[in-house]
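Quick notes on the structure that follows.
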Amino acid sequence: MMDKRTEDTLLEVEGLRIEAASQTDVRSVLVDDVSFALKRGEVLGLIGESGAGKSTIGLSSMHYTRPGCAITAGRIIFNGRDIREITETEERSLRGVKIAYVAQSAAASFNPALTIGRQVCEVVVRHKLMSKAAAKARAVDLFRSLDLPNPETFGQRYPHQVSGGQLQRAMAAMAMIAEPELLVFDEPTTALDVTTQVEVLAAFRALVRERGTAALYITHDLAVVAQIADRIMVLRHGKMVEVGSAETILHAPQDDYTKRLVAERNAAVAEYFVATSKGDDTTVLCMDGLVASYRGLPRVIDNVSMELTRGDTLAVVGESGSGKSTLARVIVGLLPRESGKLVFQGKELSAALAQRSREELRRIQMIYQNPDIALNPKQTLLEIIGRPIEFYLGKPKKEIKERVLELLRQIELPESFITRRPPELSGGQKQRVCIARALAAQPDAIICDEVTSALDPLVAEDILKLLRRLQEKYGLAYLFITHDLGTVRRIANKVAIMRKGQVLAYGETADVFSPPYHPYTGLLLSSVPEMRSEWLDEVLYKRQVSVASVVSS
């Protein structure tokens, strides 16, 4: 009979060390002497700031490292075998089947030329675990459990035809379809709104409990990890700071760094409605009865009206697929509106991007959610930030460089970064570069599309403070698209709540979020996770009671 440890332990990591080569051939240590064990049916949460080594450790559990990195020490024992010593053939049969990975950026992970359903089913069909028909049926069941719209036909869509949150859930389905023994979740709910996040977390937890699947859950949200993790490991600079039960880490942390993370999360919850109007009542952008849709789909934007004034921040909030990002595309002209008016500083804008003047394009800029997709990895920061200065303002090369250096100072990056490329930067640094690129055009309004959702709390707070300082200096108007109600409370003085393309509530933030409020607003507020392990069960129970009462009436 096997001893208990061998029988229960699925993954055991011992003395893991991962290094990366730099341009000077001096290796930097990304993960330093990390050890842990993971039992079947157990979830270990990995917490830490950007660059702490969380994703690097998660990828190493599949014996994978990013280009330029290497595992230089330690053992990775999966099912009793050190996977550093298995053959390439064995490795291929392991990944996606026995160990599956849910990446943070679904948009960068899906092939835009193939349907979602084909990509979700690919692993089980290719490894001959299921027939095509069985795989399709299993995919539909997963789409339904992950609360995706029209699950029977959802797989027929292409990645660009769904929202970011829907695509993230589709990626979770792709990882879960083979029913792997180990799941590596790398910020899997970052792109999801709070209401959808509840359903997805419940689906993940059910898979772990019912199938005995083990999981590494990488996240920067302590409240989220509280709902699913049995234990939590806190990481910083590639080293383990402390590890313990979820209850101990969340409510009785020992290390000063862990205490700081917990305090920051508590402060984010306690800090209500700190944003007040700093504008001068000058209307910058007026939306009146906007209607827009994608080919073959019903209206995605349905009679949307709101105003953005100088120096103010208007947050647009709603669940995945509510039309938030589509509204941004309509404003900048990437998706022509079908009807309604869009007036910018007293002049109606053309519906299509190609029909707008260069000056109109300059005055409305956009900061995208995922800097990895938005930034050209082969260009230097001088080229990336300098391009809009050249394109919109026509400045000579010497002035362009001087302006780029000034912008780097404003976003609090060293001037020496001017020769760096995006792969050499952290997530927070890349997002700062996106901000600098938007500022380079000297706009009047900036659309911020989920600009802090992929960042850990400490880095995200720095980005919010930077945006506030820049707004005060230049009188910028922000349209801030987000699903994070904590962010709304801290930066927006006005808010619009959207669902199914329509605006359900609109006004001052304090008014919209104060009772009596719209029932959907109440649902959003009640879905914000709390740092209590029992919170998810309580919310799911309340939803069942609510649905039952509606049916009985």
Side-chain angles (χ1 to χ4, degrees), residues 20 22-24 26 28 30 49-52 68 105 237 311 313 332 358 361-480 487 491:
S22 67
Q23 293 179 340
T24 58
V26 176
S28 58
L30 303 179
E49 62 191 19
S50 177
S105 174
H237 305 318
T313 300
V332 298
R358 184 170 297 192
L361 297 176
R362 178 189 70 79
R363 297 175 76 177
I364 304 178
Q365 293 293 306
M366 190 162 176
I367 304 171
Y368 295 91
Q369 177 179 0
N370 190 342
D372 288 322
I373 296 175
L375 300 177
N376 188 328
K378 295 185 178 181
Q379 290 185 340
T380 65
L381 300 198
L382 174 60
E383 294 171 308
I384 291 170
I385 302 173
R387 176 56 180 157
I389 301 172
E390 177 188 14
F391 181 78
Y392 291 117
L393 306 176
K395 300 292 184 182
K397 288 186 177 180
K398 183 179 179 181
E399 288 188 33
I400 289 174
K401 184 174 181 180
E402 291 173 354
R403 176 59 177 155
V404 171
L405 289 171
E406 180 186 351
L407 286 165
L408 287 176
R409 290 192 293 270
Q410 288 183 8
I411 62 171
E412 299 167 356
L413 288 181
E415 293 183 4
S416 61
F417 275 37
I418 196 169
T419 58
R420 290 198 180 188
R421 291 175 170 81
E424 300 174 75
L425 307 178
S426 70
Q429 290 169 340
K430 283 183 275 193
Q431 197 60 283
R432 288 173 184 267
V433 172
C434 290
I435 294 171
R437 182 173 61 180
L439 288 174
Q442 298 179 2
D444 298 300
I446 296 179
I447 300 172
C448 303
D449 190 359
E450 300 277 13
V451 296
T452 60
S453 66
L455 305 177
D456 66 78
L458 301 180
V459 176
E461 180 60 23
D462 288 340
I463 294 294
L464 292 180
K465 288 178 180 177
L466 173 63
L467 289 170
R468 282 196 289 260
R469 287 195 296 271
L470 294 170
Q471 185 177 54
E472 292 172 0
K473 182 174 182 178
Y474 295 110
L476 295 166
Y478 291 146
L479 185 73
F480 207 95
T487 297
I491 197 170

- request: Please identify each residue that fulfils side chain to side chain donor-acceptor pair (under 3.5 Å) with T313, with sequence neighbours left out.
  value: Q471

message: Before you tell me yes or no, could you show the steps for L381 and L425 under side-chain contact (heavy atoms from CB on, under 4.5 Å), namely the whole-Å CA-CA distance, both residues' side-chain angles and the distance that decides it to 0.1 Å?
response: CA-CA 10 Å; L381 300 198; L425 307 178; 4.0 Å; yes

- request: Take E472 and K465, measure what salt bridge (Lys or Arg N to Asp or Glu O under 4.0 Å) needs, and give me the verdict at the end.
  value: CA-CA 11 Å; E472 292 172 0; K465 288 178 180 177; over 6 Å; no

Atom of [X], atom of [Y] and distance for their closest heavy-atom approach:
X    : Y    : answer
I446 : A438 : CD1-CB, 4.3 Å
P423 : P377 : CD-O, 3.5 Å
L407 : A436 : CD1-O, 3.9 Å
Q410 : L466 : O-CD1, 3.3 Å
K430 : P422 : CD-O, 3.5 Å
A440 : I385 : CB-O, 3.5 Å

If you round to the nearest 0.5 Å, how far is [atom2] of [Y] from [atom1] of [X]?
X    : Y    : atom1 : atom2 : result
I491 : C448 : CD1   : SG    : 7.0 Å
Q429 : I463 : CD    : CD1   : 9.5 Å
I418 : L382 : CD1   : CG    : 4.5 Å
I367 : I435 : CD1   : CD1   : 5.0 Å
I384 : L375 : CD1   : CG    : 5.0 Å

Per-pair distances, 0.1 Å, donor-acceptor, side chain in residues 395-402, under 3.5 Å, sequence neighbours excluded:
none

message: Any non-hydrogen side-chain atom of T487 less than 4.5 Å from a side-chain atom of F480?
response: yes

Main chain of [Y], side chain of [X]: is a donor-acceptor contact present, judged purely on distance under 3.5 Å?
X    : Y    : value
R403 : G386 : no
R437 : R387 : no
Y478 : L467 : yes
Q365 : R362 : yes

query: Going by an N to O cut-off under 4.0 Å, is there a salt bridge joining E412 and R469?
result: yes

- prompt: Are R358 and E390 within salt-bridge range, i.e. N to O under 4.0 Å?
  reply: no

field: All salt bridge (Lys or Arg N to Asp or Glu O under 4.0 Å) counterparts of R420, not counting sequence neighbours
entry: none

